[in-house]
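Here's the structure we're looking at; comments come further down.
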2 protein chains.
Amino acid sequence: MMVTQQPRRRDATATREAILNSAVEAFTRAGYDGAGVREVAAAAGVTAMLVNRYFGSKEQLFAEVVDRSFAPPTIVGSQPAAVAARIAEALVARTDPAAEQLSPFLLMLRSASNPRAAAIMRDAISRHVGTRLTDLLDGADTEQRAELILALISGVWLMRGIIATPALTSADPARLTEHLAGALRALSDTGPTPASS
Amino acid sequence: MMVTQQPRRRDATATREAILNSAVEAFTRAGYDGAGVREVAAAAGVTAMLVNRYFGSKEQLFAEVVDRSFAPPTIVGSQPAAVAARIAEALVARTDPAAEQLSPFLLMLRSASNPRAAAIMRDAISRHVGTRLTDLLDGADTEQRAELILALISGVWLMRGIIATPALTSADPARLTEHLAGALRALSDTGPTPASS
DNA sequence: CCATCATGTCTACGAGTGTAGACAATGCAG
DNA sequence: CTGCATTGTCTACACTCGTAGACATGATGG
């Protein structure tokens with residue numbers, strides 16, 4: 001769809017936005033190393049060099065993509081109560097299969113092989129979702145537990161969305177949500193006996 | 001170390017083994033796309049073409065690497081009892097930092113961006129560790145829960161070993177093991193109330 | 001000893017990579 | 001209408017990639 005593109009009236013901010021959008025799609029689908037600058041440029045209807053003139057380099061473009069992809073607060077719920085159940089439901093529910101392919105977790109997993117990309121994503125995580133998730137938790141070791149929750153979510157995206165493991169892809173959504181919520185509850189709820197130490 | 005290599009006496013099986021070993025190292029460190037055939041060959045002391053003559057192609061070489069890397073039963077414990085605690089301990093304990101860089105989870109995470117590699121790894125998982133872990137579990141949805149456990153382990157490897165999230169890398173190992181074991185227990189133990197439905 | 005097959009290397013190709021520098025076209029100010 | 005800065009393109013470079021075919025070298029059977 002949208003194979004031919006009319007030249008688009010000259011507009012710097014609109015062009016920048018178009019490049020950034022196609023970059024989000026390309027990096028999320030193919031990863032940092034798998035997506036080419038020419039590919040990103042073509043999908044935006046421009047030339048490869050214009051991408052570098054707007055963003056400096058592929059690496060800086062990726063940094064902006066990561067920032068945009070991790071920024072929206074939709075990733076994690078808002079209310080502290082019942083965080084586990086809400087995450088579990090949102091994780092197994094495949095409502096919009098199109099927007100699903102733009103998940104920041106897919107972006108992270110498919111770009112993890114590149115060390116530079118990993119460093120960029122680490123910064124973005126501790127800047128955005130890390131602190132936001134930590135604030136939702138009570139008790140001890142909130143940062144540690146928040147990152148464990150992120151680890152579990154990432155792992156589900158890996159096994160279910162990328163490796164496409166048989167039992168997870170063809171699983172009964174209700175049961176899957178249940179098991180997942182159980183594991184998340186163990187991480188989000190205040191420890192059963194915080195008495196120790 | 002071992003910069004210069006004496007030509008090695010001609011031995012087909014020994015050469016094949018040397019190539020396979022260096023391929024495991026290269027693919028685990030850089031991922032399927034990040035590791036080059038010339039790089040694997042050089043580390044084994046041979047030429048790039050010899051790799052293709054022994055394994056057919058880079059893809060088939062990767063398939064053998066995945067098979068070897070996922071085969072050892074060390075990945076998961078042996079006794080059904082206390083699976084959660086044993087996995088958690090083995091996951092946070094960094095005993096041998098050299099052998100740690102050969103983890104099949106690192107291989108999987110860093111090769112996940114390539115769809116062909118993902119398909120190869122899916123086959124290897126359902127052939128090796130999937131069934132083995134499933135047999136350790138009791139109750140309902142064992143396959144589903146086994147893959148969720150794999151997801152959590154993968155996610156911890158991602159966040160702790162690749163992204164190097166601050167709170168997980170500098171975490172108190174004891175507390176981390178505790179939280180992790182809690183989440184794993186929620187997945188490995190038979191549901192608290194299997195009465196529902 | 002020497003012929004012969006297995007083992008290993010060399011050269012090369014076609015395609016793709018990120019990006020630097022020079023050039024062209026557009027749209028707005030005067 | 002005309003100058004001119006902004007916006008965009010073209011060509012090119014120096015690599016790296018996987019792999020195909022022809023060639024060289026080693027060890028071993030007779």
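No experiment lies behind these values; they were computed from the predicted model shown. Just so it is clear: chains get the letters A, B, ... in the order the sequence lines come, proteins before strands, and each one is counted from 1.
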Go through [options] for me and flag the one nearest to the [X] side chain.
X	options	value
A:Asn52	C:dT19, C:dT9, D:dT7	C:dT19
B:Arg10	C:dG8, D:dT7, D:dC17	C:dG8
B:Val37	D:dT7, D:dC10, D:dT19	D:dT19
B:Thr47	C:dT9, D:dT9, C:dT19	C:dT9
B:Ala12	C:dT7, C:dT9, D:dG8	C:dT7

Are side-chain N/O atoms of B:Asn21 and B:Arg68 paired as donor and acceptor at under 3.5 Å? yes
Would you say the side-chain atoms of A:Asp67 and A:Ser69 include a donor-acceptor pair closer than 3.5 Å? no
Between A:Ala48 and B:Leu50, whichever has its closest DNA chain C nucleotide further toward 5' is B:Leu50
When you measure from the side-chain N and O atoms of A:Tyr54 to the phosphate of D:dT7, is any distance below 4.0 Å, counting only OP1 and OP2? no
Hey, is the side chain of B:Thr15 poking within less than 4.0 Å of OP1 or OP2 on C:dT7, counting only N and O atoms? no
Salt bridge present between A:Glu39 and A:Arg29 (N-O < 4.0 angstrom): yes
Take a 6.0 Å sphere around CZ of B:Arg116 and say whether it holds more than 12 heavy atoms from other residues, nucleotides or ligands. no
